[in-house]
Number of protein chains: 2
Amino acid sequence: MALRQILLGMLRKPGTGYDLKRQFNQSLRHFWAADLAQIYPALQKLEQEGLLAVSVEPPAQGPPRKVYRRKKTGDQAVREWLLQGPEFRRDRISYLAQVFFLNELNSAVDARAFLVKLRDNIATQLAELKKVEQHWQNDDPRYPDDLPDEGFYPQLTLQLGLTRLAASLEWCDESIARLDRRN
Amino acid sequence: MALRQILLGMLRKPGTGYDLKRQFNQSLRHFWAADLAQIYPALQKLEQEGLLAVSVEPPAQGPPRKVYRRKKTGDQAVREWLLQGPEFRRDRISYLAQVFFLNELNSAVDARAFLVKLRDNIATQLAELKKVEQHWQNDDPRYPDDLPDEGFYPQLTLQLGLTRLAASLEWCDESIARLDRRN
DNA sequence: CTCTTCATGTAATGGGTTACATGATTCA
DNA sequence: TGAATCATGTAACCCATTACATGAAGAG
């Protein structure tokens with residue numbers, strides 16, 4: 001149920017649903033993704049509840065832009081969310097479920113192939129996140145240690161993303177090595 | 001949509017919905033959780049589809065036990081799931097979304113308090129997972145390197161859980177230190 | 001001439017959570 | 001006497017995904 005708050009958080013500066021989607025892709029994607037089909041109704045609801053204001057503006061191209069602005073009640077909602085402390089939702093990691101049952105294949109060769117594919121996938125994800133980091137670095141030469149506060153906290157999240165992927169990658173390599181040692 | 005396959009995987013040995021819930025709590029919880037309200041209908045559906053067989057057995061206590069057994073079609077379904085390669089579902093990490101927006105608090109003190117709470121939470125989770133590892137160790141003296149295949153793959157998943165939590169914990173400490181250095 | 005980008009949505013379906021409902025036995 | 005364990009479920013709701021629908025401008 002955090003999408004509401006995330007949208008409010010992103011609307012520190014006014015924007016349209018489409019703008020927010022772009023922000024998801026650029027900055028939040030590695031820990032949260034959302035589709036336009038989710039974003040549009042959510043924004044409408046937040047407006048109905050009085051946390052956002054809308055104004056229709058003429059677009060450069062396409063249909064009229066519905067620009068959402070956060071109201072004071074919206075500011076407050078974000079602050080409350082943060083003051084409640086960290087939220088944990090149960091994570092579900094499909095590929096770990098698969099690893100758990102790899103023995104069902106009755107074949108160390110097939111199990112190994114699975115782990116190698118997993119390794120490659122994670123390596124790709126890590127490479128992509130590093131590209132994102134490159135972009136951030138190019139956008140602001142103060143990256144990572146002299147960023148203003150607005151950039152500092154997002155940078156922390158990127159950092160954890162990189163750390164976790166690197167740890168997962170190492171785990172893959174070690175797992176493959178352990179499997180090889182068993183045979 | 002992996003719950004189906006996980007239930008099938010767990011039913012290598014026959015059992016009831018309640019038994020499976022226990023297995024979730026003991027072995028899979030750190031990467032997948034499921035409620036009885038999800039498990040019971042899912043088992044019924046798998047039976048209707050012909051992947052499982054049911055037989056009603058007299059219980060030690062309570063209502064009759066519905067014991068599910070995997071059929072050959074069920075075995076096949078598990079194997080197909082694994083042979084398709086690793087599945088990635090987009091993860092959503094609420095607390096990272098919160099970290100991303102911590103600047104909204106306009107207070108390094110409050111932001112720091114958030115990170116400390118996060119640190120404590122993760123430390124608790126790590127301690128709990130280590131307890132789980134202790135149990136596994138006690139259950140089988142061959143842990144971790146001389147386990148039979150059935151135990152080896154589950155142990156890998158536990159290992160990743162521990163690795164990731166340890167990495168997250170380090171990240172928390174470093175983030176708090178970096179925040180302190182800024183002020 | 002086709003693909004991408006801008007920009008809005010709705011509808012159907014699927015998956016997950018919470019609440020509700022029942023009832024016997026065992027343990028503190 | 002009250003809580004936990006065993007054992008089954010249903011119903012309402014919420015959240016997320018996929019598919020469908022429209023349409024103009026600009027890039028290649």
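Atom-to-atom, CD of B/Q5 to C1' of C/dG14 comes out at 14 Å; the value is rounded to the nearest Å. The nearest whole Å value for the distance from the OH atom in A/Y18 to the P atom in C/dT5 is 7 Å. One can place CG of B/L46 at 15 Å from C1' of C/dG14, the figure rounded to the nearest angstrom. We find that CE of B/M1 is positioned 10 Å from P of C/dG16, with the value rounded to whole Å.
Across A/F88, A/F31, A/W32, a single residue satisfies ring pair (Phe, Tyr, Trp, His ring centres under 6.0 Å) together with B/Y95, and that is A/F88. Only one option out of A/D140, A/D146, A/D145 pairs with A/R142 in a side chain to side chain donor-acceptor pair (under 3.5 Å); it is A/D140.
Geometrically, A/R65 does not engage A/Y18 in a cation-pi contact defined by less than 6.0 Å to the ring centre and at most 45° from the axis.
A/Q159 and A/Q155 share a donor-acceptor pair across their side chains, judged by distance under 3.5 Å alone. Counting only N and O atoms by type, the side chains of B/E104 and A/W81 include no donor and acceptor under 3.5 Å apart.
Here chain B contacts DNA chain D (any atom closer than 4.0 Å to a heavy atom, that is under 4.0 Å), and the contacts span D/dT5 to D/dT17 from 5' to 3'.
Of the residues in residues 30-41 of chain A, those lying under 4.0 Å from DNA chain C by heavy-atom distance are A/L36, A/A37, A/Y40. Near-neighbour residues of DNA chain C inside residues 79-101 of chain A, defined by a heavy atom below 4.0 Å, number-ordered: A/R90, A/R92.
You'll find the side chain of A/V78 stays beyond 4.5 Å of the side chain of A/R12, heavy atoms only. In this structure the side chain of B/T16 never reaches within 4.5 angstrom of the side chain of B/K66, judged on heavy atoms.
Looking at residues two or more places apart in sequence or on another chain, you find a salt bridge (charged side-chain N to carboxylate O under 4.0 Å, His left out) between A/E57 and A/R69. In this structure A/R29 satisfies the salt bridge (charged side-chain N to carboxylate O under 4.0 Å, His left out) test with no other residue, sequence neighbours excluded.
A salt bridge is absent between B/R181 and B/E174; no separation between the charged side-chain nitrogens and carboxylate oxygens falls under 4.0 Å.
Screening residues 112-124 of chain A for side chain to side chain donor-acceptor pair (under 3.5 Å) gives A/R112-A/D180, A/R119-A/D173 as the qualifying pairs, with residues at least two apart or on separate chains.
If you find the closest nucleotide of DNA chain D to A/A2 and to B/R65, the one lying nearer the 5' end belongs to B/R65.
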